[in-house]
*Asks:* 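Could you have a look at this structure, given as C-alpha cells, before my questions?
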Amino acid sequence: MSHLKATFALIRRAPGWFALSAVLQIMRSVFPLVPALVVSIAFDRLAEGSGLNEGMWVLFAVLIGAVLGRVGSLFGSVAVDGWTDSTTGGLLIRNTVARVFRRPGAEALPHSTGSTVNRLTTDSQTVADMMVSTMVVVGSTAQALFALGVMASVDVVLTVLVVVPVFAAGLLITFTSKQIKRHYARSREAAGEVSSMLREVFRAVQAIKLADGVDRVTDRVRELSETRRARTLKSRLFSQVMLGAVFNSTSGLGAGLVMLLAVSRLRDGTLTVGGIVLFVSYLVWITEFTTLFSQSLAEYKQAAVSMTRLDEVVDDGAGLAALVAAPTSRSAVAAVSRDTSPVGPLTQLSARQLTYRHPGSDRGIEGVDLDVRRGELVVVTGGVGAGKTTLLRVLIGALDRDAGTIEWNGVEVDRPSEVLIPPRCAYTPQVPYLMTGSVRDNITAGVDVTEADIERAAYLSVLDADLATMPDGLATRVGPRGTTLSGGQAQRVAAAQMLVRNPDLLVFDDISSALDVNTERELWHRLRADGTRTCLAVSHREIALAQADRVVVLRDGKVVASGRYEDIRDSVPELSHADPTDLVDNLVSGQ
Ligand SMILES: Nc1ncnc2c1ncn2[C@@H]1O[C@H](COP(=O)(O)OP(=O)(O)OP(=O)(O)O)[C@@H](O)[C@H]1O
C-alpha cells in the first residue's frame, strides 16, 4: 500500500468525523474573506456617490455574522482537530502494538526498546499532525478557490499571476521531496538512538556506577544528543526555514508584481477602488495558503517517513495496510484464539523433532522429542546454555520453531502461541517481570478471581509465608516503582499468577535459579500433593529430578538422555552435578 492510499485509509476509518472537520475548516477559512468583500462593495458604492443608506446596515449585519461564524467554526474545528489528532495517533499505536503482540513473544523486535517507544510516540504524532494539517489545508484550499473566483471576476490576468507561486511551491516540494525525506529520516533515527541509549542507561545505573563508567556514558549521551540536535536542526532548516523563505519570497514577489499592475490598472480606470481593496486583502490569504500548502506537502513527506518507521517496528511483512487497518475488537481476537484450540483438557502434549536456531547464531535446539502426559512432572535439565529455556519457549510458541510438530491430545498445533495459553497452559519465566501495582494485582493480572483462589495460588506457590512478613500482605506494592522483592519472591508471585488461572499444564523455567532448596522442595510437595497437576519444569535440583516421571537431559540443544532419574543418573554426566548443588544448599540452610 502506498503512503497516499494509507492516508486515505486513515480518513476512511471515520469518514463522518473527517467530513465534519472539512466542513468546519472550510467555514473557518471562508468567513474571513467576507469582510474584504463587504468593504470592497462599500468602497465602490461610496465611489459611485451613494451615501450610507440602509443597504449599508445589511452589509454591517453580514460583517457581524461573518465574525460570529468564524468564531463558532474556529471553536468547532479546534475541538475536532483534537479528536483527529488523538484518534489517528491512537489507531497507529494500537495497530502497531497489536502486531507486536501477534509475534511470538520471546522473539526480539528488530529495533531497541527505546527506538521502538520513540517510533510509537513521535512517529505516530507526526502522522497525526499531518492529518490535522491536511484538514486545515482542505479549508484553506476552499478559501483560496473562493478568493480566486472573486478575484477572477474582477481581473483574470492579475488572478492568474497570483496563482503562479502556488504551482512554484508544489514543483519545488516535488523536486526536493527526496531531501526532505532524507533529512527527516536521519533526524528521527538520531532521536531513536538517544532514546535507546537513555533507556539502557536507566536500566543499568548501578552497573555503570560500579564500573566507574559515568563519565564515558555521559559523553556518549552528549555525543548522541549533539547528533540529534544537528540533524533535527538541519531537517527543520531545510523543510521549514529554507523552503518557507523561498515560498514567502516567491509569493511576496508575486504580490508586489500584482500590486504594481493593479495600481497601473487603477490609473487607466480598468480597476475600481473596491477591486484594489479586494486584491490587497485576498493576496494576504493567498500568500498564507501558499505557505500552508507547501508546509503541508513537506509534512506529508515527513509523515510518509514516519509511517514507514512505524511499519518497521514489527518485521512481519504486513505493510502499511496493517498499520492503518480498522482495529480488531478484543472479542474477535478471543474468538480466533478459541477457534484454533484443540478440543478438551490435556491428556498428552507431544513435541517431535523440534528445532530452533537463534537468529544469527548456530545455537538453539535440534530434533527434540518430548512428551508430557496428564498428571506427570517432566523435568528438563542440562548444563549452562544447553537449550532448556529455548525448548520451553519454542514449545509455548514464544519462539517460532524452524521445524518439528507440537500436538495437544494428538491434534497438531500450528500456532502454539494461540493455544498454549491459559486456561490450557501457563508459563513462569526464569526472570519474571512484575508490573507496578500490588502483589494481588500481579497475581490476578486482570483475571476475575475470588479471594480464596488467590490464597490458594499463594499457598501452592509457597508465597504464603512471605506474604505474612510483608506489612501490607497482598496489598504490598511491588514492581519497578514499589517494594523490591527478592528474585525468589518475584518468581513465586509469577508462579501464583500462573496457578490462579488453574491451567491444564504448568510450565516453570529454571525454578531452582532463584529458590533455595527448601522452598523448591516445598513447592514440589504442594504442587504434587493431590497428583492432579501436570508440570513441565526446568530444574537441576535432585529434589525435582527424583520426583519427576521423566527427566529430559539436553546438551548442545539435543536430547542426550530421557527417562526416570534413577535409571539414567549414572550414565549422564550432567546428572552427577545435581547433588552438590543440594549439598551446598543444605549446608547453607543448616540441614
Ligand atoms: N537471543 C539469542 N540469540 C542468540 N543466541 C541465543 C539467544 N538466546 C540464547 N542463545 C543461545 O542459545 C543457547 C541455548 O540458550 P538457552 O537460554 O536455551 O540455554 P539454557 O539451557 O536455558 O541456559 P541457562 O541454564 O544458562 O539458562 C545458548 O548457547 C545461548 O547462548
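Residue indices begin at 1 and follow the sequence shown. All heavy atoms count here, side chains included; hydrogens, waters and symmetry mates do not. Counting convention: from 1, in listed order, for ligands and their atoms alike.
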*Asks:* Checking Asp129 against Gln125 for the side-chain hydrogen bond (donor to acceptor under 3.5 Å, both in side chains) test, could you report, in this order, the C-alpha distance in whole Å, the side-chain angles of both residues, the deciding distance, and whether it holds?
*Replies:* CA-CA 6 Å; Asp129 287 345; Gln125 190 57 52; 2.9 Å; yes
*Asks:* Does CZ belonging to Arg564 count more than 12 external heavy atoms closer than 6.0 Å?
*Replies:* yes
*Asks:* Listed by chain and number, what are the salt bridge (Lys or Arg N to Asp or Glu O under 4.0 Å) partners of Asp509, not counting sequence neighbours?
*Replies:* none
*Asks:* For ligand 1, which is the ligand I care about here, please tell me if Asp510 has any N or O atom under 3.5 Å from one of the ligand's N or O atoms.
*Replies:* no
*Asks:* Please classify the Lys388 to ligand 1 contact at 4.0 Å (heavy-atom distances, strictly less than): side chain, backbone, both or neither.
*Replies:* both
*Asks:* Any protein heavy atom lying closer than 4.0 Å to atom 29 (O) of ligand 1?
*Replies:* yes
*Asks:* Flag Ala386 as yes when one of its N or O atoms lies below 3.5 Å from any N or O atom of ligand 1, and as no otherwise.
*Replies:* yes
*Asks:* Considering only heavy atoms of Gln430, which atoms of ligand 1 have at least one such atom less than 4.0 Å away?
*Replies:*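 Within the 4.0 Å cut-off of Gln430, ligand 1 contributes 27 (O).
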*Asks:* I need the nearest protein heavy-atom contact for atom 17 (O) of ligand 1: residue, atom name and distance, please.
*Replies:* Thr389 CB, 3.7 Å
*Asks:* Could you tell me the residue and atom name of the protein heavy atom closest to atom 4 (C) of ligand 1, and the distance to it rounded to 0.1 Å?
*Replies:*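 Closest protein heavy atom to atom 4 (C) of ligand 1: His358 CB, 3.2 Å.
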*Asks:* Of all residues at least two apart in sequence or in a different chain, which pass the side chain to side chain contact (heavy atoms under 4.5 Å, CB included) check with Arg186?
*Replies:* Arg182, Arg231
*Asks:* Thr390 heavy atoms, cut-off 4.0 Å: which ligand 1 atoms fall inside?
*Replies:* 14 (C), 15 (O), 16 (P), 18 (O)
*Asks:* What residue and atom, counting heavy atoms only, is the protein's closest point to atom 11 (C) of ligand 1, and at what distance?
*Replies:*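 Looking at atom 11 (C) of ligand 1, the protein heavy atom closest to it is Arg363 CB, 3.6 Å.
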*Asks:* Does atom CZ of Arg456 have more than 12 heavy-atom neighbours, drawn from other residues, nucleotides or ligands, at distances under 6.0 Å?
*Replies:*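 Incorrect, the count does not exceed 12.
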*Asks:* Examine Pro359 against ligand 1 and note whether any of their N/O atoms are separated by less than 3.5 Å.
*Replies:* no
*Asks:* Considering only protein heavy atoms, which is closest to atom 23 (O) of ligand 1, and at what distance to one decimal place?
*Replies:* Gly385 N, 3.0 Å
*Asks:* Check whether any side-chain heavy atom of Glu193 sits under 4.5 Å from a side-chain heavy atom of Thr227, and report yes or no.
*Replies:*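 No, their side chains stay 4.5 Å or more apart.
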*Asks:* May I ask you to decide whether Arg492 forms a salt bridge with Asp466, counting only side-chain N to carboxylate O separations under 4.0 Å?
*Replies:* yes
*Asks:* Got Thr390 and His358 here, is their nearest side-chain heavy-atom distance under 4.5 Å?
*Replies:* yes
*Asks:* Does the protein place any heavy atom closer than 4.0 Å to atom 6 (C) of ligand 1?
*Replies:* yes
